[in-house]
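Letters go in sequence order (proteins before strands), and every chain restarts at 1.
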Amino acid sequence: MYKLPFEFYLRDDVVQISRDLLGKHLYTKTDGVLTGGMITETEAYRAPDDKASHAYNLRRTARTETMFKTGGTAYVYLCYGIHSLFNVVTNIQNVPHAVLIRSIEPVEGIDIQLQRRGLTKLHPKMTSGPGAMAKALGITRQHNALSLLSDEIWIEDKGLVIPDQQIVSAPRVGVDYAGDDALRPWRFYLADNKFVSKRLKV
DNA sequence: TTGACGATAGTCT
DNA sequence: GACTATCGTCAAC
């Protein structure tokens, strides 16, 4: 329908793409079941000069290989041995930029998402945080390296415009090991949305 | 082959 | 707000 075209992902400013993804809608369709929601929180990872990125200094391994693919590819990897985290690969082939999708506001197939999370009542924690979000949408490492213009996982533009003043930028989560790069304000979230994992302390 | 280490979540207080 | 379960990845042995 209104899937974001490859050109959206091929741009070279991953931080800008990270902002632009707020308010877009992420969908998955597994076993014919459609689930999705509006993206409310993202983080940009910009190798090779970003120590927080798996592909820092162009490190290529079986895992990071996906990030070297062309923009518009899904990068899914496992964290803490338990959680699947979903990223959007951006830029052209061999430039390993990616945007981590941290939270969504559920819209489509909410009952299915509750079921996958083992919850009975809708609560912001259902889809807030990258591991929780991926679980609610049924994203697993089987989605790794799939095209974001496929029929299993994709992102749509619903024409929603997010004013600048609603976007909060902050340092990324859990990247203290990255030295100076940990301070880069490359996390973005919607100021007035409940479906955000961590807010800036006021 | 092995061991150290997380881009976390859920549970309990 | 604090505590910990838990396992794939990667680099070194």
Q.
Between the side chains of A:R46 and A:D13, is the shortest nitrogen-to-carboxylate-oxygen separation below 4.0 Å, so that they form an ion pair?
A. no
Q.
With a 4.0 Å limit, can you tell me whether A:Y77 has a side-chain N or O closer than that to the phosphate oxygens OP1/OP2 of B:dG6?
A. no
**Q.** C:dC10 phosphate, OP1 or OP2, under 4.0 Å from A:T61 side-chain N/O
**A.** yes
Q: Check DNA chain C against residues 83-102 of chain A and give the residues with a non-hydrogen atom under 4.0 Å, in numerical order.
A: none
Q: Take atom CE of A:M67 and atom P of B:dA7, then tell me their distance rounded to the nearest Å.
A: 11 Å
Q. How close do A:G159 and A:D157 get, heavy atom to heavy atom, and via which atoms?
A. N-OD1, 2.8 Å
**Q.** Atom-to-atom span, CZ of A:F195 to P of B:dA9 - whole angstrom
**A.** 15 Å
Q.
Using a heavy-atom cut-off of 4.0 Å across all strands, would you classify A:L78 as base, sugar-phosphate, or nothing?
A. sugar-phosphate
(Q) Please report the distance, rounded to the nearest Å, between CZ in A:R63 and C1' in C:dA11. (A) 12 Å
Q: Answer yes or no: are there more than 12 heavy-atom neighbours, outside A:Y177 itself, under 6.0 Å from its atom OH?
A: yes
Q) Does the side chain of A:T35 pick up a donor-acceptor pair with the side chain of A:T28 at under 3.5 Å? A) yes
Q.
Can you see if the side chain of A:R141 gets near the phosphate of C:dT9 - specifically, an N or O under 4.0 Å from OP1 or OP2?
A. yes
Q.
Please tell me whether A:T42 and A:S18 have a donor and an acceptor in their side chains that are separated by less than 3.5 angstrom.
A. yes
Q: Fill in the dot-bracket string of DNA chain B, one character per base: . for unpaired, | for a pair to another strand, ( ) or [ ] for pairs within the strand, taking Watson-Crick or G-U pairs under 3.5 Å.
A: ||||||.|||||.
**Q.** Pair A:Y77 + A:Y75: ring centers closer than 6.0 Å
**A.** yes
Q: Looking at every strand, decide which applies to A:A52 at a 4.0 Å heavy-atom threshold: base, sugar-phosphate, or nothing.
A: base
Q) Quick one: do A:R63 and A:E65 make a salt bridge, cutoff under 4.0 Å? A) no
**Q.** Side-chain donor-acceptor contact under 3.5 Å, A:E41 with A:S197
**A.** yes
**Q.** Residue pair A:Q16 / A:D20, side-chain donor-acceptor N/O under 3.5 Å
**A.** yes
Q | For atom OH of A:Y56 and atom C1' of B:dG6, their distance in whole Å | A | 18 Å
Q) Starting at CG of A:N57 and ending at C1' of C:dC10, how long is that distance when rounded to a whole Å? A) 15 Å
Q: May I have the distance from A:Y45 (atom OH) to B:dA7 (atom C1'), rounded to whole angstrom?
A: 4 Å
Q. Which residue lies toward the 5' end of DNA chain B, A:Y177 or A:K125, if each is placed at its nearest nucleotide?
A. A:Y177
Q: Measure from the ring center of A:H143 to the ring center of A:F86 and say whether it is less than 6.0 Å.
A: no
Q. Picking from B:dG10, C:dC10, B:dT8, which would you name as closest to the side chain of A:T64?
A. C:dC10
**Q.** A:M133 CE - B:dA7 P separation (whole Å)
**A.** 16 Å
Q) Are A:Y80 and B:dG6 stacked, counting the six-membered base ring, centres under 5.5 Å, planes under 30°? A) yes
Q.
What is the separation between atom CZ on A:R187 and atom P on B:dT8, rounded to the nearest whole Å?
A. 11 Å
Q: Would you tell me if any nitrogen or oxygen in the side chain of A:R59 comes within less than 4.0 Å of OP1 or OP2 on C:dA11?
A: yes
